[in-house]
Each structure stands twice: as structure tokens, then as C-alpha cells.
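On a predicted model such as this, the values are computed, not experimentally measured, just so you know. Side chains included, hydrogens not; waters and symmetry mates left out as well; all remaining heavy atoms used. Numbers restart at 1 for each chain; the letters A, B, ... are given by sequence-line order, proteins then strands.
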2 protein chains.
Amino acid sequence: MSFEFKDLSERKKLILQAIIDAHISGGEPVGSKYLTQNLPISISSATIRNEMAELEDMGLLEQPHTSAGRVPSEYGYRFYVNSLMKGYEMTMKEIDELNRLTKSKQEKLDHILESAAKLMGNMTNYTSLAFKGNTPTTVITQFKTMRMGAGKFLLVMMTSDENVQTKVINHGFEVSDDSLERLEAVLNKYLCNVDLEQVTLSLISEMERAVGVEAAALINPIVKGVYDVINQNAAGELKFQGVDRLLQYPEFSDIGRFRGLLGAIEKKDDILDIVSHSKKDEINVYIGSENSVDVMNNSTLIFRTITQGDKVVGAIGVIGPCRMDYSKVIATVDYLSRNIQQMMDNDKLLPDKESEDKK
Amino acid sequence: MSFEFKDLSERKKLILQAIIDAHISGGEPVGSKYLTQNLPISISSATIRNEMAELEDMGLLEQPHTSAGRVPSEYGYRFYVNSLMKGYEMTMKEIDELNRLTKSKQEKLDHILESAAKLMGNMTNYTSLAFKGNTPTTVITQFKTMRMGAGKFLLVMMTSDENVQTKVINHGFEVSDDSLERLEAVLNKYLCNVDLEQVTLSLISEMERAVGVEAAALINPIVKGVYDVINQNAAGELKFQGVDRLLQYPEFSDIGRFRGLLGAIEKKDDILDIVSHSKKDEINVYIGSENSVDVMNNSTLIFRTITQGDKVVGAIGVIGPCRMDYSKVIATVDYLSRNIQQMMDNDKLLPDKESEDKK
DNA sequence: TTTAGCACTCAAGACCATTAAGTGCTAATC
DNA sequence: GATTAGCACTTAATGGTCTTGAGTGCTAAA
């Protein structure tokens with residue numbers, strides 16, 4: 001991107017585009033002879049060779065070896081994606097499939113993301129990724145207790161990220177209705193909207209006193225439960241589907257290369273890092289070494305985040321070799337993620353702001 | 001197993017064992033010359049060759065080609081596992097690691113299974129699998145409602161498999177405390193312990209009448225929610241960790257073979273099928289084509305289920321090439337799964353049966 | 001029954017020639 | 001000055017031949 005692409009002649013653009021298109025669909029290096037027959041203009045192979053040499057000097061093409069044709073470089077793909085690529089026209093069948101999915105509203109977000117990713121993988125024939133963000137719970141906003149039968153009750157906690165968590169508390173002994181009510185009151189008084197750091201030993205013993213003898217023994221396990229809820233996987237979850245599809249591409253027939261990528265997919269943190277530092281509300285395209293994970297040198301990562309307000313709550317995308325059908329993949333990721341985003345936005349309208357509804 | 005192994009002479013056993021041990025650690029076919037120097041008895045290479053030829057006739061050994069040494073067949077491995085293998089002595093370090101994990105009791109079962117599987121993968125250097133069974137919810141045993149602030153309430157459902165599920169119900173309009181109480185009563189009256197098949201349209205309208213005008217509109221979304229809870233992923237969840245580790249074994253340097261296995265891992269249903277039809281409370285070892293998935297011809301699957309009462313609630317295990325360090329893997333899977341099982345059993349004791357405690 | 005010895009087999013590696021694709025460069029042409 | 005024809009050159013891929021080495025099976029002797 002630190003590149004200045006403007007000074008490309010029309011003819012060079014045509015040639016570059018033809019090379020990339022041919023390489024994307026065929027996977028082989030593209031030679032001058034092939035191009036003489038597959039260009040909208042008719043020029044000789046020698047001219048094409050000269051142009052290709054210049055495009056190579058500019059860093060847009062590469063040669064695997066002297067007697068081979070040319071292959072797009074990462075910069076070449078980048079240029080293609082930024083300024084050459086034609087928009088992909090989705091077929092009715094594809095749109096139908098996508099719509100069928102996004103119609104089923106009542107699912108939970110992570111289910112939607114996962115099935116969207118699955119569909120995306122099927123359509124593009126690459127590996128799909130689904131990221132479910134986890135807006136970290138910082139505090140509990142409300143406690144409720146619910147008797148569940150002999151010897152146990154349910155502790156319901158509403159969290160600051162508008163979720164609900166429950167925990168079954170097994171107390172071997174009997175707890176009276178009175179005690180349970182007092183317990184609920186005490187929890188709401190002492191632990192609501194409270195930072196974990198502030199829960200000191202003296203606070204705990206104060207709670208134990210306040211709740212009375214009968215239920216005092218329950219305070220400790222409950223505090224532990226609160227701790228668990230707040231600290232649970234704040235990193236979010238990243239899932240991949242269809243990793244086996246990668247193996248059909250010749251760029252991964254070298255087991256060493258594939259192993260590197262598979263390692264990154266297994267470890268997850270590198271990719272998680274990329275996803276969580278990406279731009280919101282637009283398609284992110286990381287081509288080859290653009291994503292700093294060096295083991296993904298010849299892989300491309302394409303995704304778009306799903307936001308709620310200004311929080312990133314998820315992302316879906318695709319991972320595959322640099323030689324990727326960019327226009328189709330980008331169109332698919334875009335369409336699908338936009339639809340999910342819209343669902344989110346619509347859902348949001350209902351409970352909160354009727355003001356916007358009225359406008 | 002349909003094999004009769006008894007008629008193996010002591011010497012044949014020694015030779016077979018030596019071949020398998022050598023092959024497991026080295027990965028190469030084992031020849032007669034090597035064995036002359038690595039057997040507790042001293043016999044000539046010619047004798048060994050004769051014995052090996054017989055072992056091959058019996059189906060315990062195989063020859064990649066005429067001028068190569070011998071390699072254990074799947075039956076060979078099976079015999080090894082059933083009657084030859086020496087128990088693996090875990091090192092203190094390994095036991096420590098395992099214990100550290102199983103000490104942290106308060107985790108949820110799926111977390112425990114996953115981290116156990118992860119540890120197991122690290123220790124054995126194969127791919128680990130963790131299966132979290134899902135005893136299907138057949139009915140809801142109790143409903144509770146809980147007001148959650150403006151315009152929404154929480155529906156808490158206790159299910160027949162002793163779990164708790166919640167669902168936030170957004171009602172745009174106001175619902176009085178009275179209506180909410182009536183709603184709860186109606187739900188408990190009409191939907192508790194009721195098979196989904198019995199929920200007919202006329203039942204629904206009866207409920208709508210019973211609950212009163214104000215909350216009638218809520219019945220439908222709630223019934224939908226119940227439906228979702230009951231039908232949710234009854235199949236259980238199967239997760240793999242460290243798939244990339246497989247690539248370090250030469251048997252998967254052929255990309256075609258690996259692709260097959262990876263496909264099975266991705267699709268999951270075949271392996272899920274094997275796991276869910278396995279024997280309870282013992283180590284299951286599926287060597288090569290013993291697991292009917294033909295793409296796993298040269299892979300071995302080792303796991304043990306975790307049960308609660310007589311229900312299978314989970315499983316952990318390992319997947320790798322047939323040439324596997326069986327004694328170590330089996331020991332590890334066994335130790336770890338037994339500990340988790342014990343945790344489960346102990347947990348169970350607390351709330352339910354003090355009778356057993358007294359004994 | 002065991003063993004020494006020998007002929008035989010086969011995969012793997014080294015070496016070589018051939019082929020085909022594609023290039024870069026020069027000189028002629030438009 | 002841009003384009004093109006033509007040619008020498010480079011290189012990967014393919015396939016053949018030879019050699020080597022590990023390992024076997026079989027026979028005959030111990």
C-alpha cells in the first residue's frame with residue numbers, strides 16, 4: 001500500500017489483470033504466449049514479455065524460475081484487490097442460500113455465525129472462520145436466587161454485558177426461605193456493580209455476618225462463582241471449519257507449508273490477534289505477509305466484523321491461499337456479514353430505542 | 001480378535017514384541033539382522049527370518065516389499081495391545097501434571113474435558129479428542145420467570161437432564177406483576193413434563209386464554225423457546241486439539257492419506273459415531289480398519305468414556321497413526337479419564353446419597 | 001532344529017539425456 | 001520510438017540406466 005499504482009498504463013493493467021485471472025483459475029504460472037490469445041488487445045508475445053519484465057520490476061509479478069511464466073506477487077494481488085478486480089455477481093442460487101440462512105432469526109449469535117461461516121466455506125471452497133467475541137463481563141448487575149428442590153438452589157446473575165449466567169449451588173443442609181431471601185438481598189447489596197478487586201476478606205466476613213448463621217457457609221462458594229463468571233474466557237472464541245479443503249490447493253501440497261498454516265489455525269492466538277485488531281465495519285483483506293504471522297506467508301485472510309453499538313461481537317471470514325478468488329470471496333463475505341449485521345441492528349431496535357423507530 | 005493367539009511360541013512372542021517396539025520408536029521396517037542384536041535370546045538371523053515368515057503367515061507382520069524388513073500388521077498391533085504390551089510407568093513429573101489439572105475441581109465438565117484432552121495431547125504428542133455428551137433434554141421440569149428491567153423478563157427453565165436454561169423474553173409492551181405470575185403458573189401447569197408432540201394448537205390457545213389478554217402474545221415465543229431448548233444439539237460436541245501434530249509422523253507425509261484423516265476429523269460424525277457406540281468404563285482401542293471408517297485405515301483411536309450413573313456424559317482420548325506408543329497412550333488416557341470419572345462420582349455423592357457416605 | 005551361505009529382489013539414489021515451456025535480447029520493421 | 005520476429009539460453013520435469021545396500025528365501029551342512 002506504500003505503493004504508488006497510478007503510473008500503470010492501461011495496457012499494463014490489462015496484462016496484469018489477465019495474468020492474475022488466469023493464475024487464480026489455473027494455478028499455473030502464466031506465459032506470454034498464452035496471453036497473446038487471451039487479451040482483449042492483440043499484441044505480440046515479445047511486447048508482452050517486455051511489459052511483463054517491467055511489471056516484475058515494479059514488484060507486481062514474480063517468476064518462480066527463469067524459464068517459467070509469471071505469477072502475481074503479493075503486491076500484485078493487493079493491487080488487483082484494490083483497483084483491478086471486477087465485482088462478483090452472485091447467482092440467484094447463491095443469494096437464495098444466503099437468505100435462507102439469515103431468515104432464521106431466532107438463533108443465538110454464535111449459532112448464526114457458525115452456520116454462516118459453514119455456508120461461506122461451502123460456497124467459496126476455502127476454510128471458513130467464525131469469531132464469537134466476548135465482551136468481558138466486568139460486574140454483576142443483579143442477583144436472584146431460585147429454590148430448585150431439595151438441598152440446592154439456582155443463583156441467577158445478570159451481567160454488565162447484558163447476559164445471564166446461572167450457577168447451581170448445592171448446599172447439603174437445609175436453608176429456610178427467610179435465609180434465602182436475606183442471602184439474595186445481601187448479594188445485591190454487597191456484590192452488585194462491584195469490582196472484583198474490592199471484594200476483600202473483611203467484606204466477605206461482613207456479608208457472612210449480614211446473611212445470618214444459616215446461610216453464611218454459602219457466601220464463599222458464591223463469591224467463587226462470581227469470580228468464575230467475570231473471568232471466563234474474555235478472549236472470545238475462534239472456530240474454523242473445513243480445514244481439509246485447503247489440502248486440495250496445490251500451494252499446500254508441500255506438507256511443510258501446510259503444517260505451518262495448520263499450526264497457526266490450531267494455536268489460534270495469532271489469527272485471533274489479527275481479527276481483534278482489524279477495522280470495524282469493512283472487509284479486511286490480509287494478503288500473505290501483510291498479516292504479520294510469518295507462517296501465513298502464502299495465505300490470505302478475509303473477514304468482516306459484526307458490531308453491536310461500537311463493540312465487536314463477532315466476525316466471519318475465510319482463509320485460503322494467496323491465489324484466491326478474491327472477487328467471489330469478498331462478495332460472499334460482504335453479503336453475508338452485512339446481513340448478519342443488519343439482523344443485529346434490527347434486533348437492537350426493538351427493546352431499546354423507539355425514538356429511532358419513529359423517525 | 002477373531003484370532004486365536006495362544007499357539008504363539010515364547011520365541012515368536014519375543015520376536016514380535018521386539019519388532020513392534022523397534023518399529024514404534026523408529027518408524028522403519030525391522031530386519032532380521034537388527035534383531036540378532038536386540039533380542040534377549042541369541043539366535044541367528046536365519047532362524048529369525050524363518051520365524052518372521054511364519055509370523056507373517058499368521059497375519060501378525062507385513063512386508064512393505066520383498067527386500068524390506070517387517071512391519072507389524074493391524075492384527076499385530078492388536079495382539080501387542082491385548083497380550084504383549086508392558087504397562088507404562090508414568091514418571092512423577094507426568095503424574096504431577098495430571099494431578100494439577102484434576103485438582104481444580106470447580107470447573108465445568110466441558111472445561112475439564114477440554115483441558116484434560118489438551119494435556120493428554122501434549123504428553124503423548126498425538127491429537128487429542130474431547131467429547132462432551134449431551135444427554136438430550138426431553139422435557140422441562142420447572143419454569144420460573146424473573147423480571148429483568150423495562151420491557152423484558154428472564155424465563156428460566158429447569159430441564160429433565162438437571163440443567164438450567166434461560167431465555168430472555170423481550171416484550172415491547174408492559175406486563176404487570178400479576179400477569180407474569182399467572183404466566184409462570186400457566187407454563188408450569190401446561191408445559192411441565194410434557195412431550196413436545198402433545199403441544200397442539202388447541203393447547204396453545206387454551207394457554208393463551210388461561211394467561212389472560214395482557215400476556216397472551218408471549219405464549220408463542222415461549223413455546224418456540226421451549227422447542228429450541230429441547231431440540232438443541234442432542235448429538236453432543238466433539239473437539240480435537242493439536243491436529244497439526246499428526247503431520248510430524250511420516251505415515252502422514254503422504255498428503256492424500258492425511259487428507260482422508262483430516263476430513264474425518266472435520267466431519268466429526270464418523271468419529272462421533274464410534275465414540276457413542278463404544279464400551280463404557282473401559283479403554284477403547286480402535287486400530288486401523290477396526291474402526292469402520294475406511295479413511296482411518298492407518299489411524300488408531302484410543303479413548304475412554306466418562307459416565308454419570310449409566311449415562312455417557314463425555315469422553316477423552318487420542319488419535320494418531322497405527323504405529324503408536326500404545327502403552328504410554330493407554331496409560332495416560334486411563335489415568336486421566338479415571339481421575340475425571342472419580343471427580344464426577346464424588347461430586348454426585350454430595351447432593352444425593354449420604355447413605356453411601358456413611359458406609 | 002539351527003545356521004551359514006548364496007542368489008535374488010527391490011527401493012532409493014545418482015547420473016544423464018531429452019523435452020518443452022518460457023525468457024531476454026538483438027536486429028529488423030512499422 | 002514502439003513493436004515484432006527470431007534466436008540463443010535457461011530451467012524444471014520426465015524418464016531411462018546403473019549402482020548400491022538392505023533384506024529376504026532357500027538350500028545344504030552342522
Study note, to complete from the structure: CD1 (I319(A)) and CG (N291(A)) are apart, to the nearest 0.5 Å, by 7.5 Å

Review point. Quick one: L39(B) CG to dT3(C) C1', roughly how many Å, whole number?
Key: 16 Å

Check your understanding: Got a sec, which pairs hit salt bridge (charged side-chain N to carboxylate O under 4.0 Å, His left out) with one end in residues 83-95 of chain A, sequence neighbours left out?
Key -> E94(A)-K328(A)

**Study point:** Selection residues 41-56 of chain B - residue pairs positive for salt bridge (charged side-chain N to carboxylate O under 4.0 Å, His left out), sequence neighbours left out
**Key:** R11(B)-E51(B), K12(B)-E51(B), K12(B)-E54(B), E56(B)-R70(B)

Exercise for review: Could you tell me the separation between the CD atom of E28(B) and the C1' atom of dA12(C), rounded to a whole number of Å?
Suggested key: 12 Å

**Study point:** Pairs where residues 258-274 of chain A contributes a residue and the test salt bridge (charged side-chain N to carboxylate O under 4.0 Å, His left out) is met, not counting sequence neighbours
**Key:** K267(A)-D270(A)

Point to revise | Distance, rounded to the nearest Å, where I15(A) contributes CD1 and dG22(C) contributes C1' | key: 16 Å

Check your understanding: Once each nucleotide of nucleotides 12-30 of chain D is scored for protein heavy atoms under 4.0 Å, what B/S/- sequence comes out, 5' to 3'?
Key -> S---------BSBBB----

Revision key, fill the gap. To the nearest angstrom, the CZ-C1' distance between R11(A) and dT4(D) comes to 11 Å

**Study point:** Where at least one partner belongs to residues 19-30 of chain B, residue pairs that pass side-chain hydrogen bond (donor to acceptor under 3.5 Å, both in side chains), sequence neighbours excluded
**Key:** Q17(B)-D21(B), D21(B)-Y80(B)

Study note, to complete from the structure: Taken in chain and number order and not counting sequence neighbours, the residues that satisfy salt bridge (charged side-chain N to carboxylate O under 4.0 Å, His left out) with E62(B) are none

Review point. Within this structure, what is the CG-to-C1' distance between L35(B) and dT2(C), rounded to whole angstrom?
Key: 17 Å

Point to revise | OP1 or OP2 of dT3(C) under 4.0 Å from side-chain N/O of S44(B) | key: yes

